[in-house]
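It should be emphasised that the depicted structure is a prediction, and the values quoted were computed from it without experimental measurement. Chain A is the first sequence line, chain B the second, and so forth, proteins listed ahead of strands; every chain is numbered from 1.
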Amino acid sequence: MTGLQEGVAVGTGGAASIWLVWAYNSLVALRMRTQNAWAEVDVQLKRRHDLIPNLVETARGYMQHERSTLEAVTQARTQAVAASAGPPAQRMAAESALTAAIGNLFAVAENYPQLRATENMQLLQEEITSTENRIAAARQFYNDETMRYNTAQATFPRSLMARPFGFSPGTMFAADEADRANAQVKF
Amino acid sequence: MATEDSNISVIGPRDRESFFDAQRRNRRATWRLSAVSVLAAVVMGIPLALIVTPLIYAVALIGAYIVNYFLPLPAGFWQQADRFARFAMIAGNWLFAHQPANPQSLALGAAVLLLPGAILSAGLWLGVNALFRRAGVGGALLALKAREPNPADLKELRLSDVVQEMAIAAGLPAPRVMLIDAHAANAAVIGTSPDDARIVVSRGLVEQLSRDELQGALAHLVASIGNGDLRIAFRVTSVFETCGLLVALINSPFGPQSRRTLWRILRYGLGGKGGAGGAEEAAAVAALLTHGAGLETDDIDRLFDTTSSRKSRLRSIRNFLLFPIFFTNAAIKLSLWFFSSSMLEPSVALLWRTRIYLADAGAVQLTRNPDGLAEALRKLNSERGPIPGGEWASHLFLVNPGGSDRMNDEKPDAERQQMLARVWAASGGGNSSNLSPPASADPPSVLKEIAATGRAAMAGDQNAIARMQAFRQAAASALGTTPAEMPDWADIAAAQHGDAAALQHLGEFSRKTAAQETQTDSGESSDISRTGFVGFHPSLKRRLKRLDRMGAHVRLESDGRKPWIVIAVLSVLLGPPLLAAVALLLLLIAIMTMASLTFLVVWLAFIHAAVGLLGLH
């Protein structure tokens, strides 16, 4: 082997290993971002759980005749909190049930002008609306990040090393039927 | 078949673009325009360096003479200086007298001529950067009188909630929100980097936008933070501030104004004051500097001003001694003005526009609702108005707070007329004057009626005066000001009859308003984005067109587009005179530069001779 060939071989090997390190690190960074985005969804779901007792308390004073509606919300919340530790599918089902229950509560609250006029209730409604939006935003961000992560794994140079180094495509959120039905609820 | 197909009206735009594509396209455009801007800065820097360098040498030589007097410098120093000067001569001869020279000494000569000026400018730029980076955003917030939103107020709570939502959608830490109590609807991002970014929102915006629109508007701002626009804005501003500092430095021998500015900067830079006071000082200094970047002539005027102040002998001697610097000064200002308004500002303005489009596309990505932003922009454009204290940063706002946009020019006027009519009707309600019949519905006739009553009041009709006074009160409360800010009708009527006291009142009043107007004027002239030919804000129509391509349902007026023929004819007609004007300006700059050089050389020769006569050399 001549010196030139040796140099070329060493150069190629060096470049390849530098690229490998860069590609590995970039995929890890993308994976971290998706995990971080997922954590944000968690945070916002938790925030919604925390807001609900307050909402139910405020509404109870004005809505004595709607005991069942209020209880449905409380129950849905309890189930959602219990499902937090469970598998994602079960958890998402519990959260959609909670979304539906809250939507129902606000729909019924339309019939109680005094309740709707309460400042506290207005602020609470705003908080809940915002939290729903935040959950949606966090999911959207998670989906964007997952898309970037998956694209990076699937496109050419990095697709060579993604599988061998143990990267696998992330799953995205899809709107389920319950969510679609509830998308029309207006507060 | 094909013709039939083309007749089917397409719902939505024909050339759709996804927000990802739009972002990629605008990022590329930013890169291209940054390259152009850097090129423009370099091209602007060459004549500046050529003008400044001799001055630096002159100052250095005088310094060397002084040092030599106390502590004789080695002969090697003078030899080196001589060698450098020779290289500069070679380059100068090559350029002006077309004498041949070998490339090596030519390059050295160019370096000798250009480097000191370039190093000085770069040093000033770094200094300005360091100075204002340390200052942060506190001063700007103080100038705007921004406050924290109140979480107990539903609309303000909604504002901070929406910011949180958009920050989550962008995956950014939520920026802090501050409110300004202004009627105009607008919002801005203020800061030097994403870490200290603040979103500043006027109360008018919170009042007027629906939740979707608020989301669109704030998504634009959050996207702008995420895109790193603050760094770009900071860098751009610092370039203009450096130009201002350079002018202030060159001006300082003549103008007390420039000396004061420099002194303030020095005190601020050395003092290292932290906290609110320091931040406020930084904002004031920044405003002074961007003001100085304009073609400021006060100080020079004062130099030739022989009528108002008696010229002391000392001053005339000083002016004679500093005469060469006067030409340097004029040459610097002229070339700064010419190059910055013809090259640097337009390219930077276009660069900034790509950032605005990029943030618009980012907002669509965050909200997935182009209609929200489109509607918000439309509303903000019609509810536009100045933000007190924010004039210097108009490029950071969502829509241009000042300036006029052709798309909505007549509408605010009609609104103002309607408001006047409403106020007129309201103020006349309890008044039994026969001069105010029931207010007619259409504003123009009401305006005529107001004018007629005003004339009657001036003629001395007591009823009319009472009517106008009531109107004055009502208008003041409608505008949110005090009646003292409008002329008193009793005074006007009395003044018609020659009442001295009333005349005095009116005189005071007009002085006061004049003072207020000059105040706002000086505030406006310090705004970097309004001095150039190309605005930093794209027109509403362009932004809506881009949002339309991303799926917003906006109705764009297809008429009103200037036919290209007209533009082509105009450019053919106006092109040659414009070119001639540009050539003339360039020639003037060259003459100024040469004059400055010549006078400097003469000056230095005088000093040299004087030193020689004194036998110090």
Side-chain angles (χ1 to χ4, degrees), chain A residues 29-48 51 54 58 106 116-152 155 170 172-173 175 183 185-187, chain B residues 18-24 27 149-175 177 206-207 209-223 225-227 361-370 372-373 550-551:
Chain A
L30 282 171
R31 188 168 61 194
M32 295 295 276
R33 283 178 70 97
T34 59
Q35 282 167 358
N36 188 30
W38 178 254
E40 187 63 45
V41 179
D42 254 10
V43 169
Q44 296 308 327
L45 287 175
K46 171 95 174 42
R47 186 183 141 91
R48 182 163 72 161
L51 282 171
N54 211 342
T58 311
F106 282 133
R116 284 185 55 75
T118 328
E119 197 185 353
N120 197 13
M121 185 63 180
Q122 284 178 345
L123 294 180
L124 261 174
Q125 245 188 29
E126 163 59 32
E127 280 299 286
I128 300 247
T129 311
S130 173
T131 311
E132 307 264 352
N133 286 347
R134 285 180 207 193
I135 294 167
R139 283 182 180 187
Q140 179 187 303
F141 181 61
Y142 171 77
N143 275 355
D144 286 354
E145 288 302 311
T146 308
M147 192 188 76
R148 279 179 59 192
Y149 179 48
N150 293 353
T151 312
T155 45
M172 296 203 197
F173 273 112
V185 172
K186 268 202 144 175
F187 299 128
Chain B
S18 82
F19 44 81
F20 286 123
D21 289 341
Q23 289 183 45
R24 259 193 296 267
R27 284 222 168 82
N150 173 11
D153 182 306
L154 183 62
K155 285 188 165 157
E156 293 180 14
L157 175 71
R158 195 171 70 179
L159 171 71
S160 18
D161 277 345
V162 170
V163 171
Q164 293 271 352
E165 290 162 21
M166 289 304 103
I168 288 169
L172 289 172
V177 197
V206 182
E207 292 285 348
L209 297 192
S210 73
R211 193 179 179 112
D212 276 353
E213 292 156 3
L214 197 62
Q215 243 180 8
L218 289 167
H220 173 100
L221 300 178
V222 169
I225 295 174
N227 293 335
V364 176
Q365 188 197 343
L366 297 189
T367 58
R368 305 287 150 103
N369 176 15
L373 180 61
M550 287 184 270

Part of [X] lying under 4.5 Å from any heavy atom of chain B:
{"X": "A:A138", "result": "both"}
{"X": "A:D144", "result": "side chain"}
{"X": "A:Q122", "result": "both"}

For the side chain of A:Q140 and the backbone of B:Q365, is there at least one donor-acceptor N/O pair under 3.5 Å apart?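 Indeed, once roles are kept as given, a pair shorter than 3.5 Å links the two residues.
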Where on B:Q215 is there a heavy atom nearer than 4.5 Å to chain A: the side chain, the backbone, both, or neither?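 Interface part for B:Q215: side chain.
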Contact part of B:A170 toward chain A, heavy-atom cut-off under 4.5 Å: side chain, backbone, both or neither?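 For B:A170, the backbone is the part near chain A, not the side chain.
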Top contributor to chain A interface from B:L366, B:D153, B:V162 [non-hydrogen pairs under 4.5 Å]: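 Of B:L366, B:D153, B:V162, B:L366 has the most heavy-atom pairs under 4.5 Å with chain A.
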Would you indicate whether the side-chain heavy atoms of [Y] and [X] approach each other to under 4.5 Å?
{"X": "B:D161", "Y": "A:R134", "result": "yes"}
{"X": "B:Q164", "Y": "A:Q44", "result": "no"}
{"X": "A:E127", "Y": "B:L157", "result": "yes"}
{"X": "B:E165", "Y": "A:S130", "result": "yes"}

If you count heavy-atom pairs under 4.5 Å with chain B, which of A:E145, A:E40, A:R33 comes out on top?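 Heavy-atom pair counts peak at A:E40.
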Looking at CD of B:E156 and CD of A:E126, how far apart are the two atoms once the value is rounded to the nearest 0.5 Å?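 Separation between the atoms: 12.0 Å.
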